[in-house]
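Here the structure is laid out as structure tokens; the discussion comes afterwards.
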Amino acid sequence: MGEKEISQAVVARLPRYFRYLGELREQGVERISSGDLSVIMNVTASQIRQDFNHFGGFGQQGYGYNVDFLYHEIGRILGLDEEHQLVIIGAGNLGQALANYMNFEKRGFLVKGVFDVNPKLVGRQLRGLEIMHMDGLEHFIKMHKIDIAVLTVPKDSAIETAKLLVLCGVKAILNFAHVDLNVPEGVQVENVHLSDSLMKLSYNLHRYEEAFGKKTSGGGGKEG
Ligand code: NAI
């Protein structure tokens, strides 16, 4: 199936389709129409059809989508049909929390190593992984064919650390530090900023209150 250049907005929606289809698959659902999927996912059927058309459509008119096929195709498009080897750089609060989050492995993201510069942390065990010193990073990345680094160091060290990661051959960085990384073409960076989501939430909260003249009482929309 030929895949044209796809907008990042469509790419950003694919993991959500993948998750929902995974759940349907676990429930034993074999086929689903775009209409039914749209109800479950709280998006329009036309949005779903448009998104899927970027990849050749996937479905058959009047027949619905084959859930298992669609799940695997979207997984393949997302590159989840092969395993990714990860390192976490910065074993502080966030780095340790991420290293302890088992669910990455379910999706084929294998945390192979955790690195830090703090001698008090080096040598400690973290879910079966020993925290290593940054001195051994380059060798480790080459030995274990690491393709993704999760960057959880303080803002001040993030740019230098990202440069080092690129020199070591890392091709993708999941950046949690609140700083923009300047990486060469061909290196992918995905920034994760929880505070951006909170600010977006705050904006929508205020906009809702202004529009309807009342305070919201909790609850809210579907999980994204
Ligand atoms: P922390 O201070 O607990 O941990 C940072 C760790 O990085 C420390 O263990 C430190 O020794 C290590 N480190 C410092 N320089 C290093 C280097 N050059 N190489 C390797 N390790 C190095 O900080 P915390 O709370 O875990 O936060 C980590 C980063 O994530 C910070 O930049 C923080 O601002 C950011 N953050 C981002 C969030 C987001 O939503 N994007 C949420 C929370 C934190």
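Start at 1 and go down the list; that is how both ligands and their atoms are numbered.
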Is any side-chain N of the basic residue among [X] and [Y] closer than 4.0 Å to the acidic one's carboxylate O?
X: R19; Y: E23; answer: no
X: R25; Y: D68; answer: yes
X: K171; Y: D147; answer: no
X: R127; Y: E105; answer: yes
X: E210; Y: R207; answer: no

Distance flag for atom 3 (O) of ligand 1, protein heavy atom under 4.0 Å:
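Neighbour list for atom 3 (O) of ligand 1 includes protein heavy atoms (cut-off 4.0 Å).
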Any idea which protein heavy atom is nearest [atom], and the distance to it?
atom: atom 44 (C) of ligand 1; value: L94 CD2, 3.7 Å
atom: atom 37 (C) of ligand 1; value: F176 O, 3.0 Å
atom: atom 33 (C) of ligand 1; value: H178 CD2, 4.5 Å
atom: atom 15 (N) of ligand 1; value: S157 OG, 3.3 Å
atom: atom 14 (C) of ligand 1; value: P154 CD, 3.3 Å
atom: atom 28 (C) of ligand 1; value: T152 O, 3.4 Å

Given D156, D116, V150, V153, which one has a non-hydrogen atom that is nearest to atom 12 (C) of ligand 1?
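Shortest heavy-atom distance from atom 12 (C) of ligand 1: D116.
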Using a 4.0 Å cut-off to any heavy atom of [X], which atoms of ligand 1 qualify?
X: M134; result: 19 (N), 20 (C)
X: V192; result: 39 (C), 40 (O), 41 (N)
X: K155; result: 32 (O)

Does the ring center of F69 lie less than 6.0 Å from the ring center of Y65?
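Distance test on ring centres: not under 6.0 Å, no.
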Distance-minimising heavy-atom pair for F58 and E73
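What the structure gives for the nearest pair is CE2-CB, 3.7 Å.
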Students often mix this up, so state it plainly: with edges at 30° and 60°, are the rings of Y71 and F18 parallel, tilted or perpendicular?
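Aromatic pair Y71/F18 classed parallel.
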